[in-house]
Undergrad: 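Sharing a structure with you now.
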Amino acid sequence: MTKRTFFALFLAMLALCLVIPVSGCGKAGAPKPRKSSRSFVWQQVDIVPAGKCLEVNAVMSGVYTNLNSVLLEIDGVSGPEDCPGCPFQPSETYKSDKLSEIFNPSTGTLKFSYCPREQADAYRARLIGTNIYDTTRHAVSTERMIVMP
C-alpha cells in the first residue's frame, strides 16, 4: 500500500467518523416532558347498573376544554371474586366523539348510558378521556367493578 493510498483511506475513515455523530437520530435537543398545563383528570367516576345497561356519571377537573373523546372500556366477568388481581384487559370499548351530547363543558360533567353487547354478571370498567393534544396525557380512571342486578 502506498503512502498516497493510505492517506486517502485515512481521510475517508476520518470523514466517516465525523459524519456519524452529526447524523444523530433526528431529534433536536433533550426530551421534553408532557405538558401538564393542558391536562385534565377524572375527579369522580360513577358507573352503575341501569337494567341491562351501564349508567356513567363523571366529573373532570383541569383543562377539560381540551377533551377530544371519551372511551368506556369494559370486561365482562362472573363477579367480584373473578380474578381480582388480574390485569385489566377490556373485551369491549365504546367511543363517543359526539361530546356535545354527553359532556357539559361549563361544568366538566359527563353523563351517558351504554348497553354492553355481551351480557355478564359483573363488569370491570374504566373511562379514558383523550386529549386534543397528542403531547398531553389522556385521563384514565381507576378500574371499577359493577355488579349487575
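What's counted below: heavy atoms across the whole structure, side chains too, no hydrogens, waters or symmetry copies. The structure presented is a predicted model; accordingly, all values stated were derived computationally and were not measured. FYI, the numbering just counts along the sequence from 1.
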Undergrad: Hydrophobic clustering (ILVMFWY, side-chain heavy atoms < 4.5 Å, transitive) - are V56 and L99 grouped together?
TA: yes

Undergrad: Answer with yes or no whether the hydrophobic clustering places W42 together with F40; edges join I, L, V, M, F, W, Y residues whose side-chain heavy atoms lie under 4.5 Å apart.
TA: yes

Undergrad: Closest heavy-atom contact between E55 and A50?
TA: CB-CB, 4.2 Å

Undergrad: Quick one: CG on N104 to OH on Y64, what's the gap to the nearest 0.5 Å?
TA: 8.0 Å

Undergrad: Does F103 form a side chain to side chain contact (heavy atoms under 4.5 Å, CB included) with V70? I'd like the steps, not just the answer.
TA: CA-CA 9 Å; F103 183 68; V70 174; 6.0 Å; no

Undergrad: So does Q119 have more than 12 non-hydrogen atoms from other groups sitting under 6.0 Å from CD?
TA: yes

Undergrad: Could you tell me how the ring of F112 sits relative to the ring of Y94: parallel (under 30°), tilted (30 to 60°) or perpendicular (over 60°)?
TA: tilted

Undergrad: Would you say I102 ends up clustered with M60 if hydrophobic residues are merged whenever their side chains have heavy atoms under 4.5 Å apart, either directly or through other cluster members?
TA: yes

Undergrad: Do R144 side-chain atoms and V45 backbone N/O form a donor-acceptor pair below 3.5 Å?
TA: yes

Undergrad: Under a 4.5 Å cut-off applied to non-hydrogen side-chain atoms, are V77 and M145 in contact?
TA: yes

Undergrad: Do R124 and E73 make a side-chain contact, defined as non-hydrogen atoms from C-beta onward lying under 4.5 Å apart?
TA: no

Undergrad: Please round to the nearest 0.5 Å and tell me the distance separating atom CG of N66 and atom OG1 of T136.
TA: 7.0 Å

Undergrad: Where is the tightest heavy-atom contact between P116 and C53, given as atom of each residue plus distance?
TA: CD-CA, 4.2 Å

Undergrad: I need the L54 CG to C115 SG distance, nearest 0.5 Å.
TA: 8.0 Å

Undergrad: For the CZ atom of F88 and the OG atom of S91, what is their distance to the nearest 0.5 Å?
TA: 8.0 Å

Undergrad: Could you tell me if the side chain of R126 sits less than 4.5 Å from the side chain of I128, heavy atoms only?
TA: yes

Undergrad: Out of curiosity, L72 CG to T93 OG1, how far, rounded to the nearest 0.5 Å?
TA: 8.0 Å

Undergrad: Evaluate side-chain hydrogen bond (donor to acceptor under 3.5 Å, both in side chains) for E92 paired with Y114, printing each intermediate quantity in order.
TA: CA-CA 11 Å; E92 197 172 326; Y114 175 72; 2.4 Å; yes

Undergrad: Do you know which two heavy atoms are closest between M148 and P49, and how far apart they sit?
TA: SD-CB, 3.7 Å

Undergrad: When rounded to the nearest 0.5 angstrom, what distance separates CD1 in I74 from CG in L127?
TA: 11.0 Å

Undergrad: Would you say the side-chain atoms of S69 pair up with the backbone N or O of T130, donor to acceptor, closer than 3.5 Å?
TA: no

